[in-house]
Amino acid sequence: MESLLKAQSATRALMWTEAMTVATVVHHVYRLGMEVLIPSVILLALPVLLMWWYSRRASPAARWACTVGAGLIFLYFGIIDGFLDHVLKAIGLQNTTFLPGSDADVIETVYHLWSPEAGHLFYESTGILTFAIGLGAIYFSYRFLRTAGTKPSAARRDSAEAASL
């Protein structure tokens, strides 16, 4: 039962982290173009590879690497880009990022939707979505860290040992 909970926790953390990363990739490919696809593939592969490492060897180092990886992705793309640039702009506050072009009213993008306003809405929405999904990713990564780090209780360990005799 505990191993099932650990597996579910790991799966949720990975799914939310990957969803945040996909939103980030869509957001940045729309703005910057296809040249960010190679870094995007690396960014998408990193959480999967870390979770694969954890599934092969459930060590504390692997567990921490998965959580820190998700945390760094959330810090940069969820907080710095998503929240400080797009969420603050959406609620009418001055955005506080140092990102180039973040102070523009309408961001120039490589791809165009049917109008500049729709492109602006799409771009800002995907930035906000990155932050929103990132909140789920960081929550489930924390739950994964906590769940995967628990040891079986003494009573369960004793009953498991007794059953194996």
side-chain contact (heavy atoms from CB on, under 4.5 Å) partners for V41, two or more places apart: none

Can you give me the closest heavy-atom contact between P47 and L44, atom names plus distance? CD-O, 3.6 Å

From T147 OG1 over to Y142 OH, what is the distance, rounded to the nearest 0.5 angstrom? 9.5 Å

Rounded to the nearest 0.5 Å, how far does NZ of K89 lie from CG of L93? 12.5 Å

Co-membership, hydrophobic cluster, residues Y76 and L88, 4.5 Å side-chain: yes

Taking side-chain hydrogen bond (donor to acceptor under 3.5 Å, both in side chains) as the test, write out the residues that go with S40, two or more places apart. none

Pairs under 3.5 angstrom only: tabulate donor-acceptor contacts from the side chains of residues 11-26 to other protein residues two or more places apart or in another chain.
from: T11; atom 1: OG1; to: A7; atom 2: O; distance (Å): 2.8
from: T17; atom 1: OG1; to: A13; atom 2: O; distance (Å): 2.8
from: T21; atom 1: OG1; to: T17; atom 2: O; distance (Å): 2.8
from: T24; atom 1: OG1; to: M20; atom 2: O; distance (Å): 2.9

Below 6.0 angstrom between ring centroids: does that apply to Y54 and F144? yes

According to side-chain contact (heavy atoms from CB on, under 4.5 Å), who are the partners of L50, at least two apart in sequence or on a separate chain? L46, W53, A65, C66

Pairwise side chain to side chain donor-acceptor pair (under 3.5 Å) hits with a residue in residues 131-141, at least two apart: Y139-R143

Got a second to check how far T130's OG1 is from I79's CD1, nearest 0.5 Å? 11.5 Å

From CG (L84) to CD1 (I80), nearest 0.5 Å: 7.0 Å

List the residues meeting side-chain contact (heavy atoms from CB on, under 4.5 Å) with I42, not counting sequence neighbours, and say none if there are none. I38

Run I73 and L43 through side-chain contact (heavy atoms from CB on, under 4.5 Å) and show every step you take. CA-CA 8 Å; I73 293 170; L43 190 63; 3.9 Å; yes

Can you confirm whether F122 sits close enough to H27 that some side-chain heavy atom of one is under 4.5 Å from a side-chain heavy atom of the other? no

Measure from the side-chain N and O atoms of T126 to the backbone N and O of Y123, and report whether any donor-acceptor pair falls under 3.5 Å. yes

Check ring pair (Phe, Tyr, Trp, His ring centres under 6.0 Å) between F74 and all other residues, then give those that pass, not counting sequence neighbours. none

For M34 and V29, which heavy atoms make the closest approach, and how far apart are they? SD-CG1, 4.2 Å

